[in-house]
Amino acid sequence: MKKMNILVPDLPESVSDATVVKWHKKIGEKVNSNDNIVDIETDKVMLEVSSPCDGILKSILEEEGKIVKSQQILGEINQFDIIHNNIVEEDNLLNAKKNYVNKEEKEDVEYSSFQNNEQHLTPSARRLIKINNVNKSYLNKIIETDNQINFEKIIKKEEKKLNKTLLNNNALDFDEDKEKENKKFENRVKMTRLRQRIAERLLDSKNNTAMLTTFNEVNMQPIILLRKKYGEDFEKKHSIRIGFMSFFVKAVVQGLKNFPEINAYIDKTDIVFYKNFDISIAVSTPRGLITPILKNADKMSMSEIEKKIKDFSIRGFQNKINIKELIGGNFTITNGGIFGSLISTPIINPPQTAILGMHMIQERPVVVNGKIKILPMMYIALSYDHRLIDGKESVGFLVNVKNILEDFTRILIDV
């Protein structure tokens, strides 16, 4: 019978396998072409696997929780035209199976009724009985006695095994009681592939980089005034509101141009400098934190940056971010301020060598020209790999970002 296979889509080189998360259809249910049949999860993103045709789901070969590879068969679908042509054939197969089962059951009954002690003897023993004309009733008595002795031996052996098992169980009673008690106060769930990957990469970053964090603070008053002054005109022209992130992206790109050591990574004993400016943006999703990339951010306008980040946020929440959008990135920006974080030490995203942390804006008393003013201030943090980046470059980069944000016209004159 012809059938269509449901295949795992091609996975990029950096993704070795995926986990089957959820089947949206059951065996025997009707499916339409391009219907989402099953979700699979990699360590980067959730993928939807669609139906290749109209038909009925015939089989599920990989259950939920199974690990699958690229182009592996997940299940099978019978196409509608194939199904209609094979209804009679399937009925015939079912009838044949029933007849075969009934025949087997009949043979089992006949065999069980036909058994006797003599049938269990070896061919040579049966030949000797026939030649010597041994009394069969006497022979049966001997066999039954021998069977009774063997049965008693088996019982004794099983009793010993049972006693040993009971002793082991008693030794484990305390641990089992403790585990049951813990279950009353705990709820154990399996980590998603994304969460496992995040945990692995964070630990890898901590153990394999000489990470250090430097801090500064930014007066956000100039940016707030710019947004207030041009916000409505910007939204009318570009159909999107201007946020803070586009200012930070532009400031970071300028900083990377001025401090190329930040836009680089270590490859064994070599330092590799990037010629492009791909900025990873940390996006929070229900499944965990992901870092989609603004490709060639230096060539993007403010409106393009805002639209792309908004698109990342929407599709990230819907688990629709493409794997290709997560691969690469030279530098990461993360904003803990949206959750109310006042200050933090962000962790580097290897193989990148630095990450910028934004935080919440808070009005604080600040001394300006000998006078105390209440200004909207934000702490910014740069975590960097000290193996490649020295304090001079890291502090210089962060001060450069701070100066641009406090006077955005610096970008126009490239200072």
Side-chain angles (χ1 to χ4, degrees), residues 44 194-195 197-218 220 244-245 247-267 271-274 276-285 288-294 297 309 312 326-362 377-406:
K44 294 180 181 290
L194 178 60
R195 177 50 58 188
R197 183 59 174 163
I198 290 171
E200 178 186 328
R201 287 181 64 82
L202 291 177
L203 195 60
D204 177 65
S205 177
K206 174 180 174 292
N207 294 335
N208 296 304
T209 61
M211 190 167 62
L212 191 63
T213 305
T214 183
F215 301 91
N216 215 313
E217 60 179 353
V218 180
M220 296 298 292
F244 291 106
M245 189 62 78
F247 290 98
F248 275 86
V249 171
K250 285 294 184 182
V252 162
V253 169
Q254 189 64 31
L256 293 176
K257 289 178 180 179
N258 295 334
F259 296 88
E261 296 87 355
I262 313 289
N263 195 33
Y265 70 96
I266 297 174
D267 183 16
I271 299 173
V272 182
F273 291 89
Y274 292 109
N276 59 326
F277 298 91
D278 293 348
I279 308 299
S280 302
I281 304 296
V283 176
S284 179
T285 74
L289 192 71
I290 59 174
T291 53
I293 300 156
L294 295 174
I309 291 174
F312 285 154
L326 300 169
I327 297 174
N330 310 354
F331 183 93
T332 298
I333 301 176
T334 180
N335 185 7
I338 59 176
F339 305 112
S341 173
L342 182 62
I343 194 167
S344 66
T345 55
I347 297 178
I348 300 168
N349 183 20
Q352 298 175 14
T353 53
I355 179 173
L356 179 71
M358 299 166 56
H359 300 92
M360 69 178 292
I361 299 172
Q362 187 181 60
M377 305 297 291
M378 176 193 286
Y379 289 115
I380 54 175
L382 179 76
S383 292
Y384 59 97
D385 190 345
H386 212 340
R387 295 177 303 163
L388 174 60
I389 303 167
D390 290 328
K392 178 183 176 182
E393 286 76 24
S394 62
V395 173
F397 171 84
L398 199 60
V399 170
N400 193 194
V401 170
K402 165 189 166 68
N403 290 338
I404 291 172
L405 292 170
E406 291 183 341

Is there a side-chain contact between N335 and F248 in this structure, where contact means two heavy atoms from C-beta onward sitting under 4.5 Å apart? no
Take Y274 and Y265, measure what ring pair (Phe, Tyr, Trp, His ring centres under 6.0 Å) needs, and give me the verdict at the end. CA-CA 8 Å; Y274 292 109; Y265 70 96; 5.3 Å; yes
Only counting residues at least two apart or in another chain, list the ones meeting side chain to side chain donor-acceptor pair (under 3.5 Å) with R195. none
Would you find a donor on one side and an acceptor on the other, under 3.5 Å apart, between the side chain of D385 and the backbone of M211? no
Report the residues that fulfil side chain to side chain donor-acceptor pair (under 3.5 Å) with S205, sequence neighbours left out, ordered by chain and then residue number. none
If you count every heavy atom of other residues, nucleotides or ligands that lies below 6.0 Å from K257 atom NZ, does the total exceed 12? yes
Sequence-distant partners of T353, side chain to side chain donor-acceptor pair (under 3.5 Å), two or more places apart: none
Are the side chain of N208 and the backbone of D204 linked by a donor-acceptor contact shorter than 3.5 Å? yes
Roughly how far, to the nearest 0.5 Å, is CD1 of I333 from OG1 of T291? 12.0 Å
Once you round to the nearest 0.5 Å, how far does CD1 of I266 lie from CD1 of I389? 8.5 Å
Going from CE on M220 to CE on M377, what distance comes out if it is rounded to the nearest 0.5 angstrom? 10.0 Å
Have a look at S394 and tell me which of L212, V399, L382 forms a side-chain contact (heavy atoms from CB on, under 4.5 Å) with it. L382
As an exercise, state the distance from CG of N258 to CG of N400, rounded to the nearest 0.5 Å. 4.5 Å
Return the set of residues passing side chain to side chain donor-acceptor pair (under 3.5 Å) with D390 (not counting sequence neighbours), or none when no residue passes. none
Do the ring centers of Y384 and F259 come within less than 6.0 Å of each other? no
Quick one: are K206 and I347 in side-chain contact, heavy atoms under 4.5 Å? no
Can any side-chain N or O of N330 pair as donor or acceptor with the backbone N or O of N276 at less than 3.5 Å? yes
Name every donor-acceptor pair, under 3.5 Å, that has one atom in a side chain of residues 339-346 and the other anywhere in the protein, sequence neighbours excluded.
{"from": "S344", "atom 1": "OG", "to": "H359", "atom 2": "NE2", "distance (Å)": "2.7"}

Do any pairs count as a salt bridge (Lys or Arg N to Asp or Glu O under 4.0 Å) and have a residue in residues 391-402, sequence neighbours left out, and if so which ones? K402-E406
Just so I know, are the side chains of I281 and V249 near enough to count as touching, which here means a heavy-atom distance under 4.5 Å? yes
Rounded to the nearest 0.5 Å, the CG atom of L294 sits from the CD1 atom of I309 at a distance of 5.0 Å
